[in-house]
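Written below as structure tokens is the structure these notes are about.
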2 protein chains.
Amino acid sequence: MKLITTLTLGALLAASAVLAAEKPAPAPNGIELPAYYKNWRVIGVSHRQDKESLRVIIGNDTAVNAARAGNTKPWPDGSILGKLAWKDQVHPKWAPATVPGEFVHAEFMIKDSAKYAKTGGWGFARWLGMEQKPYGADQSFVQECLACHDQVKDNDSVFTHPVPLP
Amino acid sequence: MKLITTLTLGALLAASAVLAAEKPAPAPNGIELPAYYKNWRVIGVSHRQDKESLRVIIGNDTAVNAARAGNTKPWPDGSILGKLAWKDQVHPKWAPATVPGEFVHAEFMIKDSAKYAKTGGWGFARWLGMEQKPYGADQSFVQECLACHDQVKDNDSVFTHPVPLP
């Protein structure tokens, strides 16, 4: 009996591991979560006092190569910019350092000047929290992204200036 | 004459490009700047109010794999942790965002529990600015690093707690 319970528990754990590994649902505009974004390289970093969160801006190879070559006006088609955000937290052993707490969201801008011509050449998408729930009730969520990013239209709708690196 | 001047200028530019591509000098303790660190993945991020700078903490594959597996007490031999720092700057189009300005330094901790037994199992090194000038007049600079990092001895002398990722 004890053995059977252990086996059942094992099976349940295995099943939940499989569920956890499943791909998150696509955004309401059909954009799929980019694969392997957790392996992308750094393009920028920011601390948003208005959102009390720390952000890392990352990119796929096309985007990182463009950033390092200074070839970002416009960013080439195929570039994907990602932003990962965490809630502010005080470092437990170094109070003047703000460090990442809870994971907030991962969001992306995918450059395809033909496909996304109506939205500045970029496809927008966001997934919330550790469970990666797609953001937005329907396609119109993109208007919210655009309303803000349009303020930097003269910089190809991108806020981030790639970091200087030696 | 004009042609010769142009050629000479071209040659000078080419020569300085070669110089710029040369490897920076090693740190006073003999540690060489890790190759390809600019391609490493993200382990953390921080905003140091005491130093008015933004930091990204990155790692080589051994370190990133250990971080993602929760295998950091201690970090395995071969792990290299890097930290890149930039001076705070206000985003020109989004004032409540602090973003990277001037590049400050790149610094590293290399885990080799035998080789660096006297310094908590870590070899420390730092290179300053875009010119990547090694930090420290002599080997004793390491004492400065240790004096601070010893405060987190119970965390294998590492301040950073790897960020949560979905």
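- Using a 4.5 Å cut-off between heavy atoms, A:V152 contacts chain B through its side chain alone, with no backbone atom that close.
- Checking B:W94 against A:D50 by side-chain atom types alone, a donor-acceptor pair falls below 3.5 Å.
- Considering only heavy-atom pairs separated by less than 4.5 Å from chain B, the leading option among A:E102, A:Q151, A:M130 is A:M130.
- By the 4.5 Å heavy-atom criterion applied to side chains, B:F108 and B:R126 are not counted as neighbours.
- Using a 4.5 Å cut-off between heavy atoms, B:V45 contacts chain A through both its backbone and its side chain.
- Per-residue heavy-atom pair counts under 4.5 Å with chain A were compared for B:A106, B:P92, B:C148, B:A97, and the maximum is reached by B:A97.
- Of the N and O atoms on the side chains of A:T98 and A:D88, not one donor lies less than 3.5 Å from an acceptor on the other residue.
- Contacts between A:D61 and chain B at a heavy-atom distance below 4.5 Å are absent for every atom of the residue.
- Counting heavy-atom pairs closer than 4.5 Å to chain A, the top residue among B:H47, B:K38, B:E131 is B:H47.
- The residues B:D154 and A:K93 are annotated as salt-bridged, a charged nitrogen and a carboxylate oxygen being separated by less than 4.0 angstrom.
- Taking the six-membered ring for Trp and thresholds of 30 and 60 degrees, B:H149 and B:F159 have ring planes more than 60 degrees apart, a perpendicular arrangement.
- Checked by atom type, the side-chain pair A:S46/A:R48 shows no donor-acceptor distance below 3.5 Å.
- Heavy-atom pairs under 4.5 Å with chain A peak, among B:N39, B:V64, B:I57, B:T160, at B:N39.
- Between chain A and the residues B:N155, B:L165, B:V56, the largest count of heavy-atom pairs under 4.5 Å involves B:L165.
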